[in-house]
Amino acid sequence: MAMADNTSDLAPISQSVGMPMLHKVIFVALLAVLTVLPFLVYPVFAMKVMCFALFAAAFNLLLGFGGLLSFGHAAYFGGASYVAAHAAKVWGFTPELAVLTGTAAAAVLGLLIGALAIRRQGIYFAMVTLAFAQMVYFFALQAEFTGGEDGIQSVPRGDLFGLISLQDNIALYFFVLAVTFGGILFLYRIVHSPFGQVLKAIRENEPRAVSLGYQVNRYKLLVFVLSATFAGLAGATKSQVFQLASLTDVHWSMSGEVVLMTLLGGMGTIFGPLVGAAVIVTMQNYLATLGAWVTIIQGVIFVLGVLLFREGIVGVLARWLKRPL
Amino acid sequence: MFELLGIPPQVLMGQLLLGLINGSFYAVLSLGLAVIFGLLNIINFSHGAQYMLGGFVAWMLLTYFGIGYWWALILAPLVVGATGLVLERLALSKLYHLDHLYGLLLTFGVALIIQGLFRNYYGISGQPYQIPEILSGGQNLGFMFLPNYRAWVVVASVIVCFGTWFMIEKTRLGAYLRAATENPVLVGAFGINVPRMIMLTYAFGVGLAGFAGVLAAPIYSVNPNMGADLIIVVFAVVVIGGMGSIMGAILTGYGLGVIEGLTRVFYPEGSAVVIFVIMAIVLMIKPEGLFGRGA
């Protein structure tokens, strides 16, 4: 491909000297906090936050950096969660293999849906991804292996690599920490690679990217598949934490939630989705007893976020600090 | 009577009718989406919630004020349309200079609020709504039994769809509307109040959704989630038809309803997803939609 020559022109913009100091400091501080966190709060809650942080970061790769609004990311999150739960429970896979199997399933699903969805743009793209995700939902509702309304329950936690038991919440916590933190670092790398630069170029001005000789659709498909894959990694990990895969994970409201997390935290920022996920999951946790009010509050955040707060929490911080975050 | 591929004609005709009724709702709802999209360039995600609102307003009129079906058929769309006016003025109009995706996100939030509020006060179990007396009962057509109300739904939706089509394609008001779709700045320069036209168009589009909600009230019980899943199917209908053409939206709506009904006869397991499968095929063959003009 002739693309390699072109990308080098764009590369120097952000590729100067690897990760900026500020980002390094934030990542190290984050890791330090996350290491002591399970001893301060309920570990399962912390694991839930981390899974959703990875999910939102994966979604943000597509929306914030690729400029593509998918309204069907629950399909990959939930689809991977079903496959991982099935692999662990029925096939007796060890946790890491179950998670990998679920992730691979999400990648395949992302490839199938992405190849069709990128044929449309803008709001049509959003509608197409939503419709396909609803198809996945109906499949999960009707198929044999997904257990319909019950989902796949009491998934065994198993032994990591066949050696380390994950029955203990703390052991599982560090497995989840490794997976999600690793995933987020990997996404960071993708955003700051030459590939990520081309994505930004396409997002900013697609006709120009085409005229520069980029095969825009290949980039779009690849970023779609990557985003679906990491969303799947998050979903597969979540199924191991809660020992459950259910219809909630594939429902359209889950697709909406990840959009909300990204919007609230700040789309197109590195740390925004993590903040957004932490805020939303915490809110759901504390307001769970209020029932439908959670939905209403989420709707209000959506409306206010779009009208008044489009940069998101981290977006505003970044503007104050005059640094990309 | 004849039998087709071993399917008794009662079953076939029954499902065809059911498909035609679903198609009526698809047509009215996708028509509303197309009208709104034409001028505002946004996808109205709260369309399903506004359809639900129409059903609930009809139910409230009857329960709290004793106002019957026929008045509700006029009043409920007006009420829903009025809420649309407010929404457009207070929120949507602030977003026209931004990426169209923000309109989608905003209306999604509005849908969550409306559905959440109704779920809070009325729970998820449905509220029954009586079929108006004059339309109860049905006709025995020899090969099948045709409930009067269902026939009325099809007739009413056809009247509304073609009325809307006529208004947009054949009247002066419609000509302004089509002109504003093509070039709002130029139309404004001719002295037409384009922002007001946009506001009224949005109100009209959601009023159509409210009308569909009233039509649906006696068939399906009125419940807060009645529009939530339906709207996703309507999105697929809109992708298949393409939103460039009013008549296209109407025909695609009825056509897909019938196809869905036929699928329920010949392959029941596939009926929930057949529209999505058709969408996938259309995306492969003609990505801009059957009646689309590129996008």
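Just so it is clear, the values below take in all heavy atoms, side chains as well, and ignore hydrogens, waters and symmetry mates. Numbered from 1 within each chain, the chains take letters A, B, ... in sequence-line order.
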Just verifying a value: how many Å separate B/I285 CD1 and A/R119 CZ, rounded to the nearest 0.5 Å?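 B/I285 atom CD1 to A/R119 atom CZ measures 9.5 Å (nearest 0.5 Å).
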Nearest 0.5 Å, what's the CG-CG distance between A/L69 and B/L105?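 Reported value, rounded in 0.5 Å steps: 5.5 Å.
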When only heavy atoms count and the cut-off is under 4.5 Å, which of residues 112-120 of chain B reach chain A?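 Contacts with chain A: B/L112, B/I113, B/Q115, B/G116, B/L117, B/R119, B/N120.
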Locate the shortest heavy-atom distance separating A/R120 from B/G289; write the atom from each residue and the value.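 Distance-wise, the nearest heavy atoms are NH1-N, 3.9 Å.
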Out of B/L106, B/T107, B/V273, which one racks up the most heavy-atom pairs below 4.5 Å with chain A?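 Highest number of heavy-atom pairs under 4.5 Å: B/L106.
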Contact origin within [X] toward chain B - heavy atom pairs under 4.5 Å:
X	result
A/F138	side chain
A/F71	side chain
A/L263	side chain
A/V128	both

pair [X]-[Y]: side-chain heavy atoms closer than 4.5 Å:
X	Y	answer
B/I231	A/W252	no
A/F132	B/L283	yes
B/F235	A/I123	no
B/L98	A/R310	yes
A/Y124	B/I43	no
B/V234	A/M127	no

So which bits of residues 295-306 of chain A come within less than 4.5 Å of chain B, counting non-hydrogen atoms only?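 The list, in residue order, reads A/T295, A/I296, A/Q298, A/G299, A/V300, A/F302, A/V303, A/V306.
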Chain A contact via [X] - which portion, at a heavy-atom distance below 4.5 Å:
X	value
B/F108	side chain
B/L95	side chain
B/A111	neither
B/L104	side chain

